[in-house]
Amino acid sequence: MIRNKKLLGCGELILGILLILLGIYTFVNPSSALTGVTVIYGILALVTGIVDIVYYIKLEQRTGFGPVFSLVGGILSIIAGILLLFNIDIGIWVLVVLFPIWFIAHCVARLAHLPYIRLTAGTGYYYFTLVVNILGLILGVLMIFNPFLSFLSASYLIGIYLIFLGIDSLVFALNLLDSRR
């Protein structure tokens with residue numbers, strides 16, 4: 001069990017670093033080349049989807065049931081990643097339309113992880129994850145109902161939110177990698 005926890009912690013650490021780097025890049029360079037950003041986001045969506053599905057499998061093995069939202073969120077993230085990687089020419093429109101859906105799917109999946117997070121990382125991190133993902137849900141819904149807002153401010157909103165998601169993943173990774181737990 002300790003090895004699996006360490007492996008999951010390493011995966012979460014990598015995900016957190018990628019999210020923070022991508023968030024900083026997006027925030028600092030909002031008018032950067034969309035092709036590069038689309039490819040990076042596609043890869044990140046694939047990695048996030050895989051991590052969500054791994055959480056689903058691990059939680060199901062541990063408790064006998066897995067949160068379906070985590071599985072669905074992981075599948076939607078993988079689909080979003082594939083669409084971004086194989087349709088680079090329409091990447092900007094995919095980003096405007098799929099990112100709110102991806103945010104919502106990822107936040108719902110992360111909220112479904114809350115019992116596991118409370119078990120492994122404690123109450124403080126549980127509440128931090130709860131707040132970050134509720135904010136992500138609100139952001140996703142706002143972007144769906146106002147695509148123009150999404151189009152104009154996507155880089156800044158997404159950059160800031162990705163940094164928060166990255167911090168969330170890093171804190172969780174450090175809790176998983178903590179040898180005292």
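All figures in this text were calculated on a predicted structure; none of them were measured in a lab.
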**Q** Keeping the roles fixed (side chain from Asn133, backbone from Thr129), state whether a donor-acceptor pair exists under 3.5 Å.
**A**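 Between the backbone of Thr129 and the side chain of Asn133 there is a qualifying donor-acceptor contact (under 3.5 Å).
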**Q** With heavy-atom distances below 4.5 Å as the criterion, would you say the side chains of Leu170 and Ile17 are in contact?
**A**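 They are in side-chain contact.
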**Q** Contact between Tyr56 and Gln61 at the side-chain level, heavy atoms closer than 4.5 Å - yes or no?
**A**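 They are not in contact (no side-chain heavy atoms under 4.5 Å apart), so the answer is no.
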**Q** Measure the spacing between CG of Leu165 and CG of Leu22 and express it to the nearest 0.5 Å.
**A**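 Answer rounded to 0.5 Å: 10.5 Å.
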**Q** I need the Leu83 CG to Ile78 CD1 distance, nearest 0.5 Å.
**A**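 With rounding to 0.5 Å, CG (Leu83) is 12.0 Å from CD1 (Ile78).
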**Q** How would you list, by chain and number, every residue that makes a ring pair (Phe, Tyr, Trp, His ring centres under 6.0 Å) with Tyr125, sequence neighbours excluded?
**A**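 If we apply the ring pair (Phe, Tyr, Trp, His ring centres under 6.0 Å) test to Tyr125, skipping adjacent residues, the hits are Phe172.
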**Q** Holding to side-chain contact (heavy atoms from CB on, under 4.5 Å), I want the full list of residues that pass it with Ile134, two or more places apart in sequence or in another chain.
**A**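 Partners of Ile134 under the side-chain contact (heavy atoms from CB on, under 4.5 Å) test: Leu130, Ile138.
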**Q** Indicate yes or no: at least one non-hydrogen side-chain atom of Lys6 is less than 4.5 angstrom from one of Leu176.
**A**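 Counting from C-beta outward, Lys6 and Leu176 never come under 4.5 Å.
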**Q** Apply side-chain contact (heavy atoms from CB on, under 4.5 Å) to the pair Leu18 and Ile40, showing each step before the final yes or no.
**A** CA-CA 10 Å; Leu18 287 173; Ile40 292 169; over 6 Å; no
**Q** Identify the two heavy atoms, one from Ala112 and one from Leu59, that lie closest to each other, and give their separation to 0.1 Å.
**A**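 The pair with the smallest heavy-atom distance is O-CD2, 4.5 Å.
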**Q** Output, in order, the C-alpha distance, side-chain angles, deciding distance and verdict of side-chain contact (heavy atoms from CB on, under 4.5 Å) for Leu8 and Val51.
**A** CA-CA 9 Å; Leu8 188 60; Val51 168; 5.6 Å; no
**Q** Pair up each side-chain donor or acceptor in residues 67-75 with any protein partner under 3.5 Å, not counting sequence neighbours, and list the distances.
**A**
from	atom 1	to	atom 2	distance (Å)
Ser70	OG	Asp52	O	3.0
Ser70	OG	His113	NE2	2.8

**Q** In chain order, what residues pass the side-chain contact (heavy atoms from CB on, under 4.5 Å) check against Ile167, with sequence neighbours excluded?
**A**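 For Ile167, the residues satisfying side-chain contact (heavy atoms from CB on, under 4.5 Å) (neighbours in sequence not counted) are Ile20, Phe128, Ile163, Val171.
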**Q** Which residues satisfy the side-chain contact (heavy atoms from CB on, under 4.5 Å) test with Leu135, sequence neighbours excluded?
**A**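 Residues passing side-chain contact (heavy atoms from CB on, under 4.5 Å) with Leu135: Val131.
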**Q** Quick one, Leu76 with His106, criterion side-chain contact (heavy atoms from CB on, under 4.5 Å). Give me CA distance, side-chain angles, the key distance, then yes/no.
**A** CA-CA 9 Å; Leu76 288 174; His106 182 71; over 6 Å; no
**Q** In terms of hydrophobic clusters joined by side-chain contacts under 4.5 Å, are Leu174 and Ile117 together?
**A**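 No; tracing contacts between hydrophobic side chains, which count when under 4.5 Å, never links both residues.
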**Q** Does atom OH (Tyr116) have a neighbourhood of more than 12 heavy atoms from anything else shown, all under 6.0 Å?
**A**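 Yes, OH of Tyr116 has more than 12 neighbouring heavy atoms, counting only those of other groups under 6.0 Å.
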**Q** Where do Gly9 and Ala173 come nearest, in terms of heavy atoms and distance?
**A**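 Where Gly9 meets Ala173 most closely, the heavy atoms are O-CB, 3.3 Å.
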**Q** Could you tell me if the side chain of Tyr41 sits less than 4.5 Å from the side chain of Leu162, heavy atoms only?
**A**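 Counting from C-beta outward, Leu162 and Tyr41 do come under 4.5 Å.
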**Q** Identify the two heavy atoms, one from Leu85 and one from Leu46, that lie closest to each other, and give their separation to 0.1 Å.
**A**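 Minimum heavy-atom contact is CD1-CD1, 3.4 Å.
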**Q** By the definition side-chain contact (heavy atoms from CB on, under 4.5 Å), identify the one residue from Ile14, Ile24, Leu44, Val47 that meets it with Leu19.
**A**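 Exactly one pass, corresponding to Leu44.
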**Q** Only pairs at least two apart or in different chains count here, so list each side chain to side chain donor-acceptor pair (under 3.5 Å) that has a residue in residues 7-21.
**A**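 Pairs touching residues 7-21 that pass the test: Glu12-Tyr55, Glu12-Arg110, Glu12-Ser169.
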